Protein chains: 2
Amino acid sequence: MADLATTDTAPVDPANWTCPAPLRDQPVVVMGHGGGGALSAELIEQVFAPAYGNPTLAALTDSAVLGLGGTRLAFSTDSYVVRPLFFPGGSLGDLAVNGTVNDLAMSGARPTHLSAAFILEEGVELAVVERVARALGDAARAAGVTIATGDTKVVESGHGDGVYVTTAGVGLVPEGVDIRPQRARPGDAVLVSGPIGQHGVAVLSVREGLEFGVEITSDTAPLADLVAAMLAVTPDLHVLRDPTRGGLGASLNEIARASGTGVRLRERAVPVPDEVANACGFLGLDPLYVANEGRLVAFVPPEHAEAVLAAMRAHPQGTGAALIGECVAEHPGMVVVATGLGGTRVLDLPLGEQLPRIC
Amino acid sequence: MADLATTDTAPVDPANWTCPAPLRDQPVVVMGHGGGGALSAELIEQVFAPAYGNPTLAALTDSAVLGLGGTRLAFSTDSYVVRPLFFPGGSLGDLAVNGTVNDLAMSGARPTHLSAAFILEEGVELAVVERVARALGDAARAAGVTIATGDTKVVESGHGDGVYVTTAGVGLVPEGVDIRPQRARPGDAVLVSGPIGQHGVAVLSVREGLEFGVEITSDTAPLADLVAAMLAVTPDLHVLRDPTRGGLGASLNEIARASGTGVRLRERAVPVPDEVANACGFLGLDPLYVANEGRLVAFVPPEHAEAVLAAMRAHPQGTGAALIGECVAEHPGMVVVATGLGGTRVLDLPLGEQLPRIC
């Protein structure tokens with residue numbers, strides 16, 4: 001079994017492990033543990049990886065790649081607890097398909113099958129369950145995947161929130177493709193497939209009843225076809241990542257840390273829609289940390305950057321693609337932003353999340 | 001793609017579908033929808049299958065078998081919402097591994113990898129999360145599978161119940177093996193791998209603070225190795241099923257319906273431990289409908305029955321194996337029990353569940 005989702009960290013000895021700060025300082029789970037930032041990473045590194053005895057846990061990749069029966073199988077899972085269930089541009093059902101499909105696509109895999117496990121709260125209307133299921137089915141058809149198996153559990157009223165869905169997915173990684181955060185190299189071009197921040201702001205706006213003059217819709221979309229178009233240019237893409245929880249800031253930090261390289265971002269090159277920028281300004285959010293559900297960031301060898309960017313822009317999911325920075329040998333493990341005013345600032349890994357339950 | 005988990009039902013036309021009784025009569029989710037009985041089946045057949053546009057949804061099998069890259073991949077998922085998290089003989093972590101491993105094994109697959117997605121309730125102690133994670137890791141090692149990927153979400157206090165875990169699993173189905181409910185044939189011997197009813201009664205006893213003079217422990221165990229021992233006798237096992245929610249009664253009904261055969265059960269041959277029989281008598285439960293988490297039922301061609309039974313009894317997970325009945329041409333789709341007093345009774349599919357949240 002060749003598990004490509006390895007990290008270079010030393011294995012943790014479960015026998016000698018003690019819970020470190022800041023986990024030790026707060027002995028209970030807080031919302032930030034689900035936010036995709038430093039607290040989430042700590043939970044994986046300090047609780048799950050030692051418990052599973054698996055230092056190669058795909059903690060820093062979106063999916064594991066397994067050698068199985070002569071194939072390379074990508075395998076990924078996510079639970080979806082977004083509230084509200086329906087929001088401008090999408091729904092829980094869309095996220096549950098696109099989120100897992102995209103996690104598979106970020107290893108270069110062609111997703112083929114999903115599982116869907118529902119945790120229903122007693123008393124939720126069957127019409128709501130059916131609406132979620134239909135959205136899930138429609139999104140699966142749009143993404144070209146089959147929902148092959150599933151499960152339903154019911155919990156008492158007051159122990160759920162209507163509908164939670166957990167999907168897992170499988171797909172095959174093509175021959176010659178090896179995409180993972182550890183492969184980022186100084187010189188790589190950093191590309192993003194389109195404007196950022198829409199999903200998180202869309203969910204927040206409907207949850208909080210906020211209006212920003214113009215409706216901001218989620219960007220939720222399946223990205224496997226876009227990835228296939230990029231791989232048609234060159235199989236040698238180094239890193240792909242969909243910046244969901246924690247946004248672009250968290251994704252770039254994870255890549256910098258996993259690869260031991262630095263990332264230099266040009267702030268003015270990052271596409272942020274005016275309405276997202278305005279909403280973030282109003283709410284005190286940094287769009288670089290807001291979740292996206294239909295965008296990817298790519299680290300591409302410089303000699304292929306122009307052609308890959310052109311292929312992205314020619315694809316419906318990549319019309320707004322942009323070159324936003326590069327991978328550098330300086331400040332290894334850190335992300336530095338060149339600001340519009342000519343200065344620089346460090347873009348750190350967020351601790352928790354700005355917006356809980358956005359996926 | 002050869003999805004072997006097909007059923008013979010006609011595809012449902014989503015456009016012309018209306019919610020049928022009894023779903024129509026109760027427009028909200030009730031606990032019974034998660035019980036593995038008639039209400040669960042109705043939810044799958046009337047809501048999920050039409051929504052997914054997938055009449056071949058693995059509704060009546062424990063796992064889907066997918067043709068993928070020249071291999072036959074078994075793929076399955078279950079959410080685990082058992083309460084309490086720890087009970088005599090096991091825990092949520094054990095169930096989350098063994099339940100999914102066993103679903104894969106019921107297609108004859110050798111399980112290799114699991115995913116584990118946690119939905120944590122804000123405020124739950126990290127020590128509890130860690131204890132669940134360690135149980136999960138220990139159970140995975142015992143079952144010979146790797147936890148390859150995972151996810152963590154956090155929901156606000158009052159929207160969860162400490163820890164929910166959803167696992168999905170993959171494994172390869174050996175060449176020449178084709179195990180599914182539709183393959184039951186009149187003449188098949190019906191075997192069970194050991195005494196039934198322990199898991200459900202164990203969970204209930206600790207949940208309700210009941211004592212029955214002797215501690216009843218859950219039978220939770222991984223069964224893939226037992227299945228491999230049975231397949232070593234003959235690859236031509238017809239049906240395997242782990243009678244979890246809904247117990248032996250639900251499993252036998254599902255097999256009878258899927259295959260269009262009848263099942264004749266000899267009540268006196270079904271191994272029910274005295275303490276389980278006593279507890280069920282006290283509580284008014286039928287042990288045939290109580291959940292098991294480490295038992296399987298097998299439909300085996302008569303010429304192989306004796307040898308398969310011997311192989312089961314020689315395996316640590318099958319020491320209590322017994323021949324409990326046979327598959328017949330009469331009363332197709334129905335399960336009939338020959339009672340100890342010489343009469344017969346119909347063993348129907350339960351509507352909901354006797355014990356909610358037992359897995």
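The shown structure was predicted, so the numbers you read here are calculated from the model rather than taken from an experiment. Chain A is the first sequence line, chain B the second, and so forth, proteins listed ahead of strands; every chain is numbered from 1.
- Residue with the most contacts toward chain A among Thr77(B), Val81(B), Thr71(B): Thr77(B) (heavy-atom pairs, distance under 4.5 Å).
- No donor-acceptor distance shorter than 3.5 angstrom exists from the side chain of Asp161(B) to the backbone of His159(A), with no hydrogens or angles considered.
- For Arg131(A), the CZ atom is loosely surrounded, since the number of other residues' heavy atoms within 6.0 Å does not exceed 12.
- When the candidates Leu114(A), Asp103(A), Thr167(A) are compared by the number of heavy-atom contacts under 4.5 Å with chain B, Leu114(A) comes out ahead.
- Residue Thr166(A) holds its OG1 atom at 11.0 Å from CG of Asp78(B), rounded to the nearest 0.5 Å.
- When all heavy atoms are compared, the tightest approach of Leu66(B) to Ala148(A) is CD2-CB, 3.8 Å.
- Your options are Gly32(B), Gly93(B), Ser115(B), Gly137(B), and the one with the most heavy-atom pairs under 4.5 Å with chain A is Ser115(B).
- Arg134(B) places no side-chain N or O within 3.5 Å of a backbone atom of Pro50(A) that could act as its donor or acceptor partner.
- The environment of CD in Glu208(B) is crowded: more than 12 heavy-atom neighbours from other residues, nucleotides or ligands sit within 6.0 Å.
- Contact annotation for Glu156(B): both backbone and side-chain heavy atoms come within less than 4.5 Å of a heavy atom of chain A.
- Atom CZ of Arg207(A) is surrounded by more than 12 heavy atoms from other residues, nucleotides or ligands within 6.0 Å.
- Formation of a donor-acceptor pair under 3.5 Å by the Lys153(A) side chain with backbone atoms of Gly34(B) is not found in this model.
- Looking at heavy atoms from C-beta onward, Thr112(A) lies in side-chain contact with Leu68(B) at the 4.5 angstrom threshold.
- Aromatic pair Tyr164(B)/Tyr164(A): ring centres not closer than 6.0 Å.
- Options Ala168(B), Gly123(B), Ala135(B) differ in how many heavy-atom pairs under 4.5 Å they form with chain A, and the most are formed by Gly123(B).
- Note on ring orientation: taking the six-membered ring where Trp is involved, the planes of Phe75(A) and Phe75(B) are perpendicular (angle over 60°, cut-offs 30° and 60°).
- Between chain A and the residues Gly69(B), Gly160(B), Ala117(B), the largest count of heavy-atom pairs under 4.5 Å involves Gly160(B).
- The side-chain contact (heavy atoms from CB on, under 4.5 Å) test with Val29(A) singles out one residue from Val154(B), Val155(B), Thr152(B), and that residue is Val154(B).
- When each of Ile119(B), Leu120(B), Val132(B) is checked for heavy-atom pairs under 4.5 Å with chain A, Ile119(B) comes out on top.
- Residues Ser79(A) and Asp151(B) approach most closely at N-OD2, 2.9 Å, considering heavy atoms.
- Contacts of Ala116(A) with chain B are made by both backbone and side-chain atoms, with heavy-atom separations under 4.5 Å.
- Val129(A) places a side-chain heavy atom less than 4.5 Å from the side chain of Phe48(B).
- For the pair Thr149(B) and Ser76(A), the tightest heavy-atom approach, listed with the atom from each and the gap, is CG2-CA, 3.9 Å.
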